[in-house]
Amino acid sequence: MNMHDQIEETEVSILHTYNRFPVVFDRGEGVYLYDTEGKKYLDFAAGIAVNSLGYHYPGYDEGLKEQIDKLTHISNLYYTQPLSAAGSRLLIASHMHKVFFTNSGAEAIEGALKAAKKYAYTKTGHADHEIIAMEDSFHGRTVGSLSVTGNDHYREPFLPLMGGVRFAKYNDLESVRSLINEKTCAIILETVQGEGGIHPATHGFLEGVRRLCDEHDILLILDEIQCGMGRTGYYFAWQAYGVQPDIMTTAKALGCGVPVGAFVLNEKAASASLVPGDHGTTYGGNPFACAAVSKVFEIYERDMILAHVQELTPYLEKALDSLVERFDCVKERRGMGFMQGLEITGRPVGAIINAALEAGLVVISAGTNVLRLVPPLIITRDHVDEMTGILEKIL
Ligand SMILES: *Cc1c(COP(=O)(O)O)cnc(C)c1O
């Protein structure tokens with residue numbers, strides 16, 4: 001079936017909640033994708049910061065296949081070896097205390113919010129606590145995660161959402177401080193805002209929020225769903241700041257293509273929050289997803305993926321900075337590691353993305369005017385050169 005017919009057939013059955021790009025992807029190899037008509041694309045989107053090991057990375061498929069041949073699902077009523085292995089991998093990487101596995105990022109946020117509420121409930125003996133979230137944030141599409149997402153366009157049709165959420169200005173410590181009251185139980189933010197347009201937290205802001213949380217016994221929830229798992233050159237972006245969360249969420253690249261997320265708690269949050277009966281999931285933490293998590297960590301360690309990101313970041317940043325210098329429509333570069341955004345002015349970012357796709361480069365947007373680059377973490381200098389070569393022609 002040609003791509004056009006495939007697209008038509010898809011639109012017959014699938015609810016139209018995405019304006020998809022007019023391409024039907026068929027397979028991947030390394031950091032390249034191929035559509036069903038055989039055209040090759042350099043992938044600088046990685047399935048929205050998911051496919052950090054690209055496609056068919058040595059050892060990854062084999063790890064999954066091995067687990068499929070044993071057991072893919074059993075339920076959280078029982079223990080499995082992959083569950084404990086994945087849990088300890090995540091704790092070693094984060095130096096945190098306990099893990100709860102989910103199927104997605106939004107579910108990790110839901111769990112983190114419940115854990116924070118339960119912590120405050122345990123501490124004070126009553127409910128009705130509040131959460132401070134950030135403007136221009138993104139935490140997911142479920143009702144709970146949407147309640148802390150600072151984007152009116154996403155929220156409005158679904159009001160009222162979960163109550164007790166106040167929005168502060170990101171990177172503005174005073175605006176956070178002014179919203180704190182005796183009901184505040186948690187502050188949630190992305191260490192690097194993704195969907196909102198690639199905005200890293202400033203050191204002063206993150207340190208200041210941590211201090212406020214300590215002063216008022218408020219839990220700090222850092223959403224590392226997009227910026228975590230090596231994307232900034234650290235397992236988790238907060239490790240670059242030396243600021244520790246009480247609860248962290250992760251997903252996207254955690255399974256490098258297998259749907260899995262988690263919320264991770266420090267000792268304080270774990271010791272006085274969720275207990276049996278408080279939270280659950282059918283699929284979360286199943287042996288297949290957990291085998292993927294362990295395999296990802298094993299490969300990251302074996303092939304020193306974090307060191308590679310740190311080493312190549314200056315080269316990527318320099319290449320992008322040169323686009324800022326040479327093209328008037330590229331106003332600014334923002335980001336950390338392999339999570340980079342180019343702010344575009346004077347023309348719609350969508351037109352650039354479509355032209356890139358046409359030219360064999362997959363990139364995506366963030367916010368209204370940012371070209372987002374979140375490639376697989378295994379790209380080399382040659383791939384950076386290939387990407388800038390294509391963007392130069394388009395711009
Ligand atoms: C993608 C994302 C989410 C939601 O994850 P899903 O798996 O799509 O539910 C939450 N927070 C951040 C920062 C994200 O980038």
Side-chain angles (χ1 to χ4, degrees), residues 15 17-18 20 45-52 100-116 131 133-151 153-155 158 161-162 165 167 170-171 186-201 206 220-232 234-238 245 247-264 281 283-286 289 292-293 296 334-341 364-367 370 372-375 377:
L15 188 69
T17 57
Y18 283 96
R20 291 170 205 270
I48 316 188
V50 167
N51 299 316
S52 284
F100 184 102
F101 284 109
T102 66
N103 310 294
S104 67
E107 283 170 87
I109 297 290
E110 297 282 343
L113 296 176
K114 279 181 71 177
I131 290 164
M134 300 297 140
E135 291 174 8
D136 301 318
S137 61
F138 182 83
H139 298 292
R141 303 298 201 138
T142 58
V143 171
S145 60
L146 198 53
S147 300
V148 290
T149 290
N151 179 324
H153 178 69
Y154 291 168
R155 298 162 55 86
F158 309 106
L161 295 165
M162 181 181 81
V165 180
F167 288 95
Y170 193 72
N171 278 341
I187 298 176
I188 181 167
L189 60 108
E190 296 154 86
T191 319
V192 182
Q193 281 194 334
E195 306 294 319
I198 315 293
H199 293 276
L206 206 57
L220 175 58
I221 304 173
L222 291 181
D223 182 347
E224 289 270 338
I225 290 168
Q226 187 163 159
C227 61
M229 287 308 290
R231 185 144 294 281
T232 65
Y234 295 81
Y235 266 122
F236 301 104
W238 52 263
I247 304 176
M248 161 183 90
T249 57
T250 172
K252 288 199 164 85
L254 180 60
C256 280
V258 169
V260 57
F263 62 97
V264 189
T281 162
Y283 268 124
N286 91 6
V293 172
V296 166
R334 293 191 294 265
M336 279 172 75
F338 288 7
M339 182 172 181
Q340 296 285 341
I364 49 180
S365 64
V370 175
R372 173 168 34 167
L373 301 138
V374 284
L377 304 185

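Whatever order the structure lists ligands and atoms in, that order sets their numbers, starting from 1. Please read these numbers as outputs of a predicted model, since none were measured by experiment.
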> What's the shortest distance from atom 7 (O) of ligand 1 to any protein heavy atom, and which residue and atom give it?
Replying inline: G105 N, 2.8 Å

> Tell me, do I48 and V374 make a side-chain contact under 4.5 Å, heavy atoms counted?
Replying inline: no

> Do any N/O atoms on A251 end up under 3.5 angstrom from N/O atoms on ligand 1?
Replying inline: no

> At a 4.0 Å threshold, what atoms of ligand 1 neighbour a non-hydrogen atom of Q226?
Replying inline: 15 (O)

> Say you draw a straight line from CZ of F138 to CD of E190; how long is it, rounded to the nearest 0.5 Å?
Replying inline: 8.5 Å

>> Give me the residue, atom name and distance of the protein heavy atom closest to atom 11 (N) of ligand 1.
In response: D223 OD2, 2.7 Å

>> For E107, which part has a heavy atom under 4.0 Å from ligand 1: side chain, backbone, both, or neither?
In response: neither

>> Is a donor from one side chain sitting under 3.5 angstrom from an acceptor on the other, for E224 and T249?
In response: no

>> With rounding to the nearest 0.5 angstrom, report the CG to OG distance, N151 to S137.
In response: 8.0 Å

>> So, applying side chain to side chain contact (heavy atoms under 4.5 Å, CB included) with H139, which one of L146, V148, L113 is it?
In response: V148

>> Would R372 and E195 count as a salt bridge (charged side-chain N to carboxylate O under 4.0 Å, His left out) here? Give the steps.
In response: CA-CA 9 Å; R372 173 168 34 167; E195 306 294 319; 3.0 Å; yes

> With atoms numbered from 1 as shown, which atoms in ligand 1 lie under 4.0 angstrom from a non-hydrogen atom of E190?
Replying inline: 13 (C)

> Within the structure, does at least one protein heavy atom fall under 4.0 Å of atom 9 (O) of ligand 1?
Replying inline: yes

> Which residue and non-hydrogen atom of the protein lie closest to atom 15 (O) of ligand 1, and at what distance in Å?
Replying inline: K252 NZ, 2.6 Å

>> Within the 4.0 Å heavy-atom shell around H139, which atoms of ligand 1 are there?
In response: 10 (C), 11 (N)

> With backbone taken as N, CA, C and O and side chain as the heavy atoms from C-beta onward, which portion of A106 lies under 4.0 Å from ligand 1: side chain, backbone, both, or neither?
Replying inline: both

> Can you tell me how far CG of D223 sits from OG1 of T250, rounded to the nearest 0.5 angstrom?
Replying inline: 9.0 Å

> For ligand 1, is there an N or O atom under 3.5 Å from any N or O atom of E195?
Replying inline: no

> In chain order, what residues pass the ring-ring contact (aromatic ring centres under 6.0 Å, His included) check against Y234, with sequence neighbours excluded?
Replying inline: none

